[in-house]
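Structure first, then comments.
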Amino acid sequence: MSTDIHGGIEFRRPGADTGFYDGEPWVKAMDLWPLHDEQDYAAFGLLFGVRDSAGFRPLAAGRGLPGDLSSGLAPSLRGADGSETDDATWVTWSEPAGLAPAAAPAHFAGPLSWTSDAWPRSFQQWLVPAERPADVREVTGPPPPGLGEESHWPHVFAVTRATAGRFADDGVRLVVGFP
């Protein structure tokens, strides 16, 4: 059985915490589709803890939907009865900086680095299997399948990065679910 991802990008409206603004604090910027429509289990596991066969400590697993989810994004992440989609979670743009080799499962030994302007610098770390010789801690090479520039994630990150340029890193979030 396959797993799909649904959701979108939201931004926090400037002035939402002031007395003169009475609208929703978070606004839907864009649906995840058409930016991303793949089943990237490596990325799902690393980012959200979904289909995580590698044993990562994911960046943003199991948070549920934010209490202040925008009304524009809610229909794609809630059922007709108002229930959340499976494994719903969210991550602000500022959080990828916290992704580090500390997220490594025990059977991984160290980072594999690659360079890509499409991915945040913190995502340019990857973990290599423990079978590598102890003195080989870093290797330069292509990213693993599902996480490289050929995937759809660089599109998501480009829009998120651009939106954060206007609304700040903590003022942009990706909200997802896996129906």
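- Contact of the Leu32 side chain with the Val176 side chain is registered, since non-hydrogen atoms from C-beta on lie closer than 4.5 Å.
- Here Arg161 does not pair with Asp169 in a salt bridge; the nearest charged N to carboxylate O distance is not below 4.0 Å.
- Counting heavy atoms from C-beta outward, Trp90 and Pro66 have side chains that approach closer than 4.5 Å.
- Contact of the Pro14 side chain with the Arg166 side chain is registered, since non-hydrogen atoms from C-beta on lie closer than 4.5 Å.
- With sequence neighbours left out, Ala29 forms a side chain to side chain contact (heavy atoms under 4.5 Å, CB included) with Ile9, Phe11.
- Between Asp87 and Arg51 there is no salt bridge, since none of the side-chain N atoms of the basic residue sits less than 4.0 Å from a carboxylate O of the acidic one.
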Let me see the working for Asp170 and Trp93 under side-chain contact (heavy atoms from CB on, under 4.5 Å), right down to the final yes or no.
CA-CA 6 Å; Asp170 286 333; Trp93 182 242; over 6 Å; no

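- Each of Leu73, Val156, Thr160, Val159 was compared with Met30 under the side-chain contact (heavy atoms from CB on, under 4.5 Å) criterion, and only Val159 meets it.
- Linking ILVMFWY side-chain heavy atoms closer than 4.5 Å, directly or via other members, places Leu174 and Val50 in a single hydrophobic cluster.
- Formation of a donor-acceptor pair under 3.5 Å by the Glu24 side chain with backbone atoms of Ser71 is found in this model.
- No continuous path of ILVMFWY side-chain contacts below 4.5 Å connects Val27 to Leu77, so the two sit in separate hydrophobic clusters.
- Contact of the Phe44 side chain with the Ile5 side chain is registered, since non-hydrogen atoms from C-beta on lie closer than 4.5 Å.
- Between Leu65 and Ala88, the shortest heavy-atom distance links the atoms CD2-CB, 3.6 Å.
- Distance check: Thr163 OG1 to Arg12 CZ gives 16.0 Å after rounding to the nearest 0.5 Å.
- Applying the ring pair (Phe, Tyr, Trp, His ring centres under 6.0 Å) test to every pair with at least one member in residues 13-34, sequence neighbours left out, gives no pairs at all.
- The minimum heavy-atom distance linking Ala74 with Leu69 is given by the pair CA-CD2, 3.6 Å.
- Within the model, atoms CD of Glu84 and CZ of Arg63 stand 13.5 Å from one another, a figure rounded to the nearest 0.5 Å.
- With hydrogens and angles disregarded, no donor-acceptor distance shorter than 3.5 Å links the side chain of Arg13 to the backbone of Pro25.
- In this structure a side-chain-to-backbone donor-acceptor pair under 3.5 Å is present from Thr89 to Ala60.
- Lys28 and Glu10 are not joined by a salt bridge, as no carboxylate oxygen comes within less than 4.0 angstrom of a charged side-chain nitrogen.
- Between the OG1 atom of Thr3 and the CG atom of Asp86 there is a distance of 9.0 Å, given to the nearest 0.5 Å.
- No continuous path of hydrophobic side-chain contacts links Phe167 to Val175 [ILVMFWY only; heavy atoms under 4.5 Å].
- In terms of heavy-atom proximity, Gly15 sits nearest to Thr18 at O-OG1, 2.6 Å.
- Side-chain atoms of His36 and His155, non-hydrogen and from C-beta on, never get closer than 4.5 Å to each other.
- For Pro58 against Gly49, the heavy-atom pair with the smallest separation is CB-N, 3.3 Å.
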